[in-house]
Amino acid sequence: MAASTVRINLDGKPINPLTILMIGAGGFIGSHLCEKILQETPHKILALDVYSDKIKHLLEPDSLEWAGRIQFHRINIKHDSRLEGLIKMSDLTINLAAICTPADYNTRPLDTIYSNFIDALPVVKYCSENGKRLIHFSTCEVYGKTIGSFLPKDSPLRQDPAYYVLKEDTSPCIFGSIEKQRWSYACAKQLIERLIYAEGAENGLEFTIVRPFNWIGPRMDFIPGIDGPSEGVPRVLACFSNALLRREQLKLVDGGESQRTFVYIKDAIEAVLLMIENPDRANGHIFNVGNPNNEVTVRQLAEMMTAVYANVSGEPALEEPTVDVSSKEFYGEGYDDSDKRIPDMTIINKQLGWNPKTSLWDLLDSTLTYQHKTYAEAVKKVISKPTTS
Ligand SMILES: NC(=O)c1ccc[n+]([C@@H]2O[C@H](COP(=O)([O-])OP(=O)(O)OC[C@H]3O[C@@H](n4cnc5c(N)ncnc54)[C@H](O)[C@@H]3O)[C@@H](O)[C@H]2O)c1
Ligand SMILES: O=c1ccn([C@@H]2O[C@H](COP(=O)(O)OP(=O)(O)O[C@H]3OC[C@@H](O)[C@H](O)[C@H]3O)[C@@H](O)[C@H]2O)c(=O)[nH]1
């Protein structure tokens, strides 16, 4: 975008160029947000992460048109005295850093809690003390299970949205027992939300909290044995992509009955840009960001991904594309699940006029096209290598 174009916000006011500190800029969401900001706005980004692979295309070569507007800082926020200085230099801090893969919640609960609560504390504190605005990434997992999941299976109330649609300002947060360590993540996220909210109420911190509902798209997580550990278990999109690329069966945890709504990353990033550029409408709010129209069971997701991938790759699907596995076998002791996640969109609609656009089929089509182009050759090479005994 031409730096001279004046951008106007939702209230018709000109948007001044900002310096944005993006913590976790090298991750899935961060990489898309950096791309969007550099391509469509005049804002500057201080991109902070321990990894930069997913934003390498934005950092190199130096001749890129936005070269002067992004600066990478390889920093671990757990222990780095440069954090406060970077927050002071910026108009806005966006915190995306977190351990956020379910396979870690019950197997590395301490790391999960430290990452999602303790490590976020200095970020909140420095923003509050220095009068800087904060956009913090929480999660839809703070809602936990729906009220409806506790009703008898045949109860007609299960069909009533009041028992399952998740609302920022009224829905309760329902987690399992302490032994179900899956909830370590949701609980840590909930406590940091409460702390941010309290900083706003008592010390005037200008904040926005984002609750993403299963954002998916290119560059999400990793393909085990290709650009991540062979034994690693990423989130469902990458697990299923990996199986499709290897022509293996897709594993359905506990029958794949849980339901999710999936939103295309590019739609969701538009919502974040609206928050960035409309502080008067976004400050003090918690926003669900998801696509209520894209609900499926995990089994339906597997079936749809199998069909889309057959189109994209030109290879017919396996005769039996899925296999059931127990959650204990797949994730280990202490796993539990969210049953159903439909975001209420009233608040984000009212404040920012945002709506998701992309259907599940279309978003899977573009995402699996990317997965195929990026990984198919590398996976074939790995599979064709003789295994050492
Ligand atoms: N993708 C989703 O659908 C989704 C859903 C709910 C919530 N979220 C939240 O959104 C945020 C971003 O998610 P994502 O999907 O992009 O995950 P991601 O794992 O791809 O990105 C997180 C990034 O943070 C970095 N990071 C972690 N700890 C760090 C530290 N101590 N210092 C510096 N960098 C650190 C990681 O290296 C990684 O690049 C997270 O807070 C996550 O909980 C995402
Ligand atoms: O191979 C797999 C992987 C996952 N699954 C199931 O697919 C569903 C979705 O799993 P994901 O790995 O995408 O993660 P979840 O939706 O449970 O949680 C996510 O929600 C929002 C964010 O906070 C995090 O990114 C993550 O916690 C779960 O029911 C899981 O059990 C499978 O059936 N098979």
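Counting convention: from 1, in listed order, for ligands and their atoms alike. Since this is a predicted model, take the numbers as computed values, not measurements.
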Engineer: Answer yes or no: does an N/O atom from N76 fall short of 3.5 Å to an N/O atom of ligand 1?
Structural biologist: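 Yes, there is a polar N/O contact under 3.5 Å.
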Engineer: Any salt bridge between E270 and K357, counting N to O under 4.0 Å?
Structural biologist: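 Here E270 pairs with K357 in a salt bridge, since their nearest N and O are under 4.0 Å apart.
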Engineer: I'd like to know if the side chain of D267 pairs up with that of T358 as donor and acceptor (distance under 3.5 Å, no hydrogens or angles considered).
Structural biologist: yes
Engineer: Going by distance only, is there an N or O of F28 that falls short of 3.5 Å from an N or O of ligand 1?
Structural biologist: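 N/O-N/O distance under 3.5 Å: yes.
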Engineer: Quiz question: by atom type and distance under 3.5 Å, do the side chains of D336 and W183 form a donor-acceptor pair?
Structural biologist: yes
Engineer: Would you call the rings of F28 and H32 parallel, tilted or perpendicular, where under 30° means parallel and over 60° means perpendicular?
Structural biologist: perpendicular
Engineer: Please name the residue in the list T306, L244, V323 that meets the side-chain contact (heavy atoms from CB on, under 4.5 Å) test with Q249.
Structural biologist: V323
Engineer: What do we get for N214 next to ligand 1 when only non-hydrogen atoms under 4.0 Å count, side chain, backbone, both or neither?
Structural biologist: backbone
Engineer: Under a 4.0 Å heavy-atom limit, does C100 contact ligand 1 with its side chain, its backbone, both, or neither?
Structural biologist: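 It is the side chain that touches ligand 1; the backbone stays farther off.
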Engineer: Counting only heavy atoms from other residues, nucleotides and ligands, does the tally under 6.0 Å from OH of Y370 exceed 12?
Structural biologist: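 Result for OH/Y370: enclosed.
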Engineer: Around atom CD of E257, are there more than 12 heavy atoms from other residues, nucleotides or ligands closer than 6.0 Å?
Structural biologist: no
Engineer: Taking both backbone and side-chain atoms of N116, is any N or O found less than 3.5 Å from an N or O belonging to ligand 1?
Structural biologist: no
Engineer: With atoms numbered from 1 as shown, which atoms in ligand 1 lie under 4.0 angstrom from a non-hydrogen atom of S138?
Structural biologist: 7 (C), 8 (N), 9 (C)
Engineer: Which N or O atoms of ligand 2 sit under 3.5 Å from a protein N or O, and how far apart is each pair?
Structural biologist:
residue  : atom   : partner : partner atom : Å
ligand 2 : 12 (O) : V236    : N            : 3.1
ligand 2 : 13 (O) : V236    : N            : 3.2
ligand 2 : 16 (O) : N214    : ND2          : 2.9
ligand 2 : 16 (O) : R260    : NE           : 2.7
ligand 2 : 16 (O) : R341    : NH1          : 3.1
ligand 2 : 17 (O) : R182    : NH2          : 3.0
ligand 2 : 17 (O) : R260    : NH2          : 2.8
ligand 2 : 18 (O) : E141    : OE2          : 2.8
ligand 2 : 20 (O) : E141    : OE2          : 3.4
ligand 2 : 20 (O) : R341    : NH1          : 3.1
ligand 2 : 23 (O) : T139    : OG1          : 2.6
ligand 2 : 23 (O) : Y185    : OH           : 2.5
ligand 2 : 25 (O) : C100    : O            : 3.3
ligand 2 : 25 (O) : R235    : NH1          : 2.8
ligand 2 : 27 (O) : Y105    : OH           : 2.6
ligand 2 : 27 (O) : E141    : OE2          : 2.7
ligand 2 : 29 (O) : D337    : OD2          : 2.6
ligand 2 : 31 (O) : Y335    : OH           : 2.8
ligand 2 : 33 (O) : K251    : O            : 3.4
ligand 2 : 33 (O) : V253    : N            : 2.9
ligand 2 : 34 (N) : K251    : O            : 2.7

Engineer: Could you point out which residue of K189, R341, R211, Q190 forms a side-chain hydrogen bond (donor to acceptor under 3.5 Å, both in side chains) with E141?
Structural biologist: R341
Engineer: Determine whether any heavy atom of S115 lies closer than 4.0 Å to an atom of ligand 1.
Structural biologist: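 So S115 does not count as touching ligand 1.
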Engineer: Looking only at distances, can you tell me whether any N or O atom of R235, backbone or side chain, sits closer than 3.5 Å to an N or O atom of ligand 1?
Structural biologist: yes
Engineer: E193 and H136: side-chain donor and acceptor closer than 3.5 Å?
Structural biologist: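 Result is no, nothing qualifies.
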Engineer: Within the structure, does Y185 bring an N/O atom to less than 3.5 angstrom of an N/O atom in ligand 1?
Structural biologist: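 Indeed, backbone or side chain, Y185 has an N or O that close.
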Engineer: When only distance counts, is D49 in polar contact with ligand 1, meaning an N/O pair under 3.5 Å?
Structural biologist: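 Indeed, backbone or side chain, D49 has an N or O that close.
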Engineer: Between D324 and K251, is the closest basic N to carboxylate O distance under 4.0 Å?
Structural biologist: no
Engineer: Check step by step if side-chain hydrogen bond (donor to acceptor under 3.5 Å, both in side chains) holds for S258 and D339.
Structural biologist: CA-CA 5 Å; S258 298; D339 53 304; over 6 Å; no
Engineer: Would you check the N or O atoms of G27, main chain and side chain alike, for any that come under 3.5 Å of an N or O of ligand 1?
Structural biologist: yes
Engineer: Could you check whether H372 and Y309 have their ring centres less than 6.0 Å apart?
Structural biologist: yes
Engineer: Can you confirm whether or not the ring centre of F137 sits under 6.0 Å from the ring centre of W215?
Structural biologist: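 For F137 and W215, the ring centres are under 6.0 Å apart.
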Engineer: Would you call E295 and K340 a salt bridge, using N to O less than 4.0 angstrom?
Structural biologist: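 Yes, E295 and K340 are salt-bridged.
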Engineer: Answer yes or no: does an N/O atom from K189 fall short of 3.5 Å to an N/O atom of ligand 1?
Structural biologist: yes
Engineer: So, does S31 sit close enough to ligand 1 that a heavy atom of it is under 4.0 Å from the ligand?
Structural biologist: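 Judged by the 4.0 Å heavy-atom criterion, S31 does not count as contacting ligand 1.
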Engineer: What do we get for D221 next to ligand 1 when only non-hydrogen atoms under 4.0 Å count, side chain, backbone, both or neither?
Structural biologist: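 Within the 4.0 Å criterion, D221 makes no contact with ligand 1.
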Engineer: Is any N or O atom of M220, backbone or side chain, closer than 3.5 Å to an N or O atom of ligand 1?
Structural biologist: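 In this structure, M220 places no N or O atom under 3.5 Å from an N or O of ligand 1.
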Engineer: Are any of the N/O atoms on A97, whether in the backbone or the side chain, positioned under 3.5 angstrom from an N/O atom of ligand 1?
Structural biologist: no
